[in-house]
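What follows is a set of notes on a single structure, which appears directly below.
Just so we're on the same page: letters track the sequence lines, and every chain starts at 1.
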Amino acid sequence: MEPTANPRERRHRYGMVIDLDRCTGCGACTVACSVENNVPPPPERSTERTGVVWIRVSEAQDPRPAGARSVFVPVPCQQCDDPPCEKVCPQRAVELDPKTGIVAQVAVRCLGCRYCMAACPYHARSFNWFRPEWPDGTAALLNPDVSVRQRGTVEKCSFCAGRLQAAKAKAAAAGSREIDPADYVPACVEACPSRAIVFGDLEDPSSEVARLARESESFRLLPALGTRPKVLYRSVEPWVRASLSQPEVSRG
Amino acid sequence: MDEPLIARGLRRTTLPRFLLWLAPWAALLALGAWAIFLCFAEGLNQTNMDNRFAFGLWIYLDLTVIALGAGAFFTGFLLYVLKRKELRAVVNSAVVLGFLCYSGAILILMVDVGQPLRAWFTFWHPNVHSMLTEVTFCLTCYLLVLAIEYAPVVLRSRKLRDLLSLLVLEHQLHKVMAVFAAVGTFLSFFHQGSLGGLYGVMNGHPFSYRASLGIWPSTFFLFILSAAAAGPSFVLLTTWVVSKLSRKELVKPEVLRFLGKVSGWLLLVYVGAKGVDSLVWLNATSPRAGVSPASFYAYPSFGTWILFLEVVVLGLVPALLLVSERARARTGLLVLASALACCGVALNRFVQTIQTQALPTLPFDAFLSYSPSWQETAAFLFVVAYGVLVYSISFRYLVLFPEERELAKG
Amino acid sequence: MNLKLPAPVSFAAGLAPALAAGWLLFPRLLYEEVPQPLPFSHEAHAEAAGTTCDGCHALGPDGRFAGVPRVEACAGCHAEKGGSPGVDALVEGYVTPGREVPWLFAARQPDNVFFPHAPHLALAKLECARCHGPQGKSAEARPFARNRISGESRDVWGPSIVRRKANAWDGMKMADCIRCHREAGRESACLDCHK
Amino acid sequence: MPLDLSRRDLLLAATGAATGAVLSPLPWKLVDDVAIWTQRPATPTPRPAGPVALRPTTCTLCPVACGLRVRCFGDVPVSVTGAPGHPASGGAICPLGLTAHHLSRHPLRARTATLRHARGEEPLSRDAAVAAVGAALARAAHAGRPGGLLVVDGRPGRPLSALYRAVAAAAGGRYATPPRVGPARTLAALSRRSPEPSLTLGVDLAAARRVVCFGAPLLEGWGTPGLLPRLRAGSRRRPHEERLEVVQVEAVRSRSAALADRWIAPVPGSEAALALGIARVLLDEGLLDCRLVESRTEGLEGFARAAAPFTPGTVSSLSGVPAATVVALARDLAAHRPAVVLGGGDPAGSPLPDETEAALAGLNLLLGSVGGDGSPIVARREGPAAPAGAPPVELADVPDGSVGVLVLDGHLSERAVPWSRLLPLLAPSATVVSLSPWRGGLADHADLHVPGLAPLEEAGDVPGSPDAAAATLSRAVALVASPEGAVDPAVFLKESAARASLVLPPLPPSAVEGVFASRRGRVVDGTTGEATPVGSLASPGALGELLEKGGCWVDDPAPLPRGRLSFLAPGETAESLSRAALAARPAPAAQRAAVAREAVAAAPPASLLTKLTRETALRTPPVAVAPWRA
């Protein structure tokens, strides 16, 4: 089909389902993400709360009295359909991309006011408290498809939008506006050794991710807040589902 | 030595004593300037804020001083729009206070953001849905209005008076002051409200999220009310403090009582509204977000006592004292009540800023803590020192309290 | 006898130099000209390489722009010194030691932009000259004009200091991209171009 | 005519200048450019150095030898991912492997050969380094046994290992391998129970329905990354009875313990008692795999005697594990065969004592986890490298003070062999040569440090894990240029040996030739998973080409040799087993030092790995909440 004069690109709603029964908390997602997205290593003086991390892994322990088991919960940006961060940014550095559903964080537009970080209930955003620096020589190995951010700006997971752009360019070279889904897989999904993360287009009802998202074992973090994340979690364990969809404050 | 600069008819202490008074504040200012320089040069890693505690002492300071600085807009509103002439006695002081609070807030905001050189993006690429955009626009415009309101006070100083053309300008400015007062009131309403909305719109934090009335969350209106209530109290309080420090009668007691009365009635309305709002929030808004209201106060640092302290001890009590004519008649009680009212607003801003972020939301989060670094504290003190210095100099050389001359004569 | 200046004259005495500085001096000072490492004539090479741009500047299979030919391509014709001082410099400095020529790219976008050529060429069927101007007909390589503050090429801002567009290809700022995308009726989002 | 300039004129001129400035582009353009200046990061984003390509290679960081695909822009590697069809790793790699391309540029990377003496360090040219190592080899060859050569290989089975053995043989020295760690010790204990002492065993976790780990970090990344969690999650779709469950027996709440289906926390040192207690329940209740025990084992009576003192009650008092739990675990294992019991380590990070491993081996025999059809512990052949040169010895068998020249392989980590273990072996004035690509660790003790090749700089055939169910072989491709002063250890050693006038025995045929000659197994493509039988290939060159393109050779399954496995290995008695198990050795309840994966990798962690400890809840010291502490 020839593109029309006013071509309207097909809508996607990219999302992921993370199987908590598979996650072992090895951290491969965090490391692969940092390599892919030019996330700087934490400087000596940083703490667990001042480094930059796009996908954090937290441990959630069985809250029941005799519970000894844990699940490890990778938390990337939840890519909300109603993102609390987007409406608070004073200068439109955060944008919900209507064509992909990705919540974009444009670091070069960012003022560094951190209102979006205060607004995000998932703590999925990081501020560059330090000047991003790489040890000797490794700066040459940075990914050319993702720009390095500046000190004093906020950043977060973009579902590896650099890979989406590369896939689009590749498709365009072949004369197509639609990418091959195999060309667009975020780094964490690719790196997970236990294949805990399934990624795809939630809008496409035949996709694996849409099928998993419909299953009763899948749930969202803090669904009552109305943020409608596109990152879902799943577990066969009822305690995992029950305890992760309730805010912590409700337990006191 | 500097007598020629001091306004006619005012008696001021000797220059060395004045400089002695300024010295410690100047030292504090220098320390703060060093801290601010560190923050610009090294980055915000100089603070103890972090990714979970993204707002800290500075945002709290901003909210508080802007609430206290509301005295400027509300006094101006009462004087120029509602024609309460007796407030002419404090309006200059209120304007200077307002100017100091707002400029201090904007200054600290510029330190607080990671990329101050991009601050103009908010004007170029505004997100009209953001409360912060509203705050930025109104703050900047209102600071301009305050500067214009401050100008006549400065222009009337002894040296500048000599330049004829400037005096004409001052006279012209004075004629349109009512317009500026009205514009200032309008702008103030919006940014005080948007500052409240800042937290009220955060649907990610059930503790601060409030159901909206129209397009604004209820905190929008609560902030306007509380700022309007605290502003006159703060003017009252500073006037009393300056009077004590300078050992001079600056205004007639009726002016202070009037300010107290205004503050008291507004505070009473605010406490009522706050009570209704809290009930709605605890019984409807937060359960809808999946949170039982009691859990907000289940953490040791912030028990229900903080709610009681904010609403009753620092809200209802000063409100009742200030509306009571008998209590107002006693200066001690009047000053105490207005101090309580100011503390109440400060505590409300603290709860909004700090408690909101400290309470965990994610199921695997813990209660978060934060204590400011010395750089943050020093930058905070910079604003305080800046305020004291500029106010002291203004008080010495400008006419902040027009009644002072008559009272001194009388 | 002392001369007292009328007010407009004093005012103009300040205004005129400020205007001159702002309009004439500042644009000159803002940019520094960096010469290209070697002289180059597109005109002369067009005959040898064929008349289309993609003869030398081809798209990669991944839809990225392959940039300028590598030094091996130059070596194909310029293996030996002779002809002109430029060719001598090429052979001596780059072909013989096998070093790439550090050309300075006037059309290069800042670090935060992902600009793929493929959608513009393969899908939108734009001419190269639409954005690059008649580069292919130039007889010599333009020196690189670098903004002393931002470090970016002058071509991003465009030749006019007030961004008045004399040609379609003047200016490569975001506003220029957006204008063209709007005209083509395309939706745009930050992530389309920002990386 | 002098001008009378008043203050007013200056004021007006200034106003004019300000007006002029505002009416010119100056302030506006300046503001814009300053904003763009703030948008330039201190570290520029590199431009693509060429077209993007995914290049296959093999990870050399640990013995698992995962298949890699390295994304390169031109010659610049930018990221590393797993090869999805690779049979050894199934597309999975660990966090360390994900940063493999950074290791060549690690701040600790040694870039030149160094001579260390009392007065300090001095850099050596390559020639000087060859001469120095050559002289040391000559000295060792001359000295003979005491004062002779010892080569310690960090990763046996490689082509380089064959060269090490050849050099050791030519110099009359020895070739040692580090002690095996983790579950490999259980496999070794089982091998000792076979009539063929050279029997090699491997684990096929996919065959098991119950996996019991005594301290092995099986769920955290031992062996192929993510394999066990993947198998376990996959089995969740099956009926409840057929699911794979993991039981972690460990004194501290490690990540594996927190992730396991069940966690049993015995008093440290009482693991053998617990294992024998389970054995006794199996014996008492007749829950053993009788057919297999009768047909394939011998010496059950001795083992039963060893287990006799360990009633559930006794075990409970020794280990703190409730008697009911011991009984229930035994019944559960018997009901869900195939089950496999693997040892790992104690809470202090040291290997379990031999007696404990013997008890675990006996338990495996009782459960039929070795020897039957579909048993998780299978026989396999040695790797493709044919044995030649000096026979491997264990470090423990090298007498103290007997080593004149010590050559340390680049893959030897200080965690695997601490320096305190090597130091006593050295004769006075011994020379230590390190081939580590990095400074730090054992290399810092070397008199001569000749930096070898870092991962992605190395090229050559890489054998797979010795614990895997089948031998594998894949190829590493050099994707990164090594620094000027680094050497290829194989080339360097050959030159040094020649300088020492050593006559090397003929090297065995290359692994590829060996595999081709055997005509066994198949080559699996790392990307597509397509298999090509070795038998269908025309030449060793064709095999090498497939490996070069990211293929991995997998050996055919090997039958378990006929003959009976003994419950008690030579030298063990029922009494010695019981005695050791009763004397519960209280190991310090310290935190386990690190994940086993890091124990085998000699590479220093890349800077991005610090994110795991700094910014996530991972690898925090395990919290001791075991009941025995309460």
Side-chain angles (χ1 to χ4, degrees), chain A residues 19 21-28 30-32 34-36 38-42 46-49 51-53 56-59 61 68-72 107-108 131-151 166 187 190-196 236, chain D residues 38-49 52 73 76-82 89 91-95 98-99 101-102 104-107 219-221 224-227 229-230 232-233 236 253 255 257-261 263 606-612 614-620 625:
Chain A
D19 190 339
D21 299 332
R22 283 177 180 256
C23 178
T24 65
C26 72
T30 304
V31 174
S34 305
V35 171
E36 172 70 21
N38 300 340
V39 174
S46 73
T47 67
E48 86 271 22
R49 278 155 60 174
V52 178
V53 60
R56 187 178 81 248
V57 183
S58 295
E59 182 176 357
Q61 214 178 318
R69 289 193 64 180
S70 279
V71 283
F72 288 87
V108 286
R131 178 209 299 259
E133 266 166 3
W134 282 265
D136 288 344
T138 45
L141 307 178
L142 292 175
N143 181 4
D145 286 350
V146 179
S147 64
V148 176
R149 279 76 55 186
Q150 303 81 29
R151 190 188 81 189
E190 194 177 62
C192 179
S194 45
R195 300 275 167 263
V236 295
Chain D
T38 70
Q39 295 176 352
R40 286 176 79 87
T43 307
T45 312
R47 303 277 162 176
V52 64
F73 282 88
V76 182
V78 162
S79 67
V80 181
T81 52
S89 55
I93 53 172
C94 67
L98 285 163
T99 58
H101 60 307
H102 285 188
S104 175
R105 300 177 184 230
H106 197 279
L219 282 163
E220 295 167 54
T224 307
L227 177 65
R230 218 154 56 209
R232 181 169 70 157
R236 298 260 163 135
R253 189 176 179 273
R255 211 162 77 214
L259 288 166
D261 296 274
W263 169 41
S607 56
L608 278 177
L609 283 186
T610 51
K611 298 196 94 60
L612 299 185
R614 201 75 71 77
E615 289 157 9
T616 67
L618 305 178
R619 304 202 184 173
T620 41
V625 290

Evaluate the side-chain proximity of [Y] to [X]: yes if any heavy-atom separation is below 4.5 Å, no if none is.
X      : Y      : answer
D:R253 : A:S70  : yes
D:K611 : A:P42  : yes
A:R56  : D:E615 : no
A:P144 : D:R47  : no
D:I93  : A:P193 : no
A:C26  : D:R255 : yes

Of the backbone (N, CA, C, O) and the side chain (C-beta and beyond), which part of [X] lies under 4.5 Å from a heavy atom of chain D, both, or neither?
X      : value
A:V39  : both
A:S46  : both
A:V236 : side chain
A:P132 : backbone
A:C192 : neither
A:R22  : both

dist D:L98:CG -> A:E190:CD (nearest 0.5 Å) comes out at 9.0 Å
Any chance you could measure D:L259, atom CG, to A:F72, atom CZ, to the nearest 0.5 Å? 5.0 Å
I'd like to verify something: which residue of [options] has the highest number of heavy-atom pairs under 4.5 Å with chain D?
options                      : result
A:D21, A:D19, A:V146, A:N143 : A:N143
A:P135, A:C23, A:S58, A:A68  : A:A68
A:D145, A:N38, A:T138        : A:T138
A:L141, A:V53, A:V31, A:T47  : A:L141
A:A107, A:A187, A:G137       : A:G137
A:A196, A:A32, A:S34         : A:S34

In sequence, state the C-alpha distance, the side-chain angles, and the governing distance for D:R232 and A:S194, and then conclude on side chain to side chain donor-acceptor pair (under 3.5 Å). CA-CA 10 Å; D:R232 181 169 70 157; A:S194 45; over 6 Å; no
Which region of [X], side chain (C-beta onward) or backbone (N, CA, C, O), has a non-hydrogen atom less than 4.5 Å from a non-hydrogen atom of chain A, or is it both or neither?
X      : result
D:A49  : neither
D:P107 : side chain
D:R614 : both

Going by the rule salt bridge (Lys or Arg N to Asp or Glu O under 4.0 Å), which residues pair with D:R40 if we only count those two or more places apart in sequence or in a different chain? C:E152
Heavy atoms only, distances under 4.5 angstrom: which of D:P44, D:P77, D:S89 has the most pairs with chain A? Name it, please. D:P77
Of all of D:G226, D:S104, D:A258, D:A233, which one pairs up most often with chain A through heavy atoms under 4.5 Å apart? D:A258
Which heavy atom of A:T24 sits nearest a heavy atom of D:P229, and at what distance? CG2-CG, 3.1 Å
Do A:R69 and D:D261 pass the side chain to side chain contact (heavy atoms under 4.5 Å, CB included) test, and can you show the C-alpha distance, the side-chain angles, and the key distance before you say yes or no? CA-CA 8 Å; A:R69 289 193 64 180; D:D261 296 274; 4.1 Å; yes
Within 6.0 angstrom of A:R131 CZ, more than 12 heavy atoms from elsewhere: no
With sequence neighbours left out, the residues meeting side chain to side chain contact (heavy atoms under 4.5 Å, CB included) with D:P46 are A:L142
Could you walk me through whether A:V35 and D:H101 pass side chain to side chain contact (heavy atoms under 4.5 Å, CB included), step by step? CA-CA 10 Å; A:V35 171; D:H101 60 307; 3.7 Å; yes
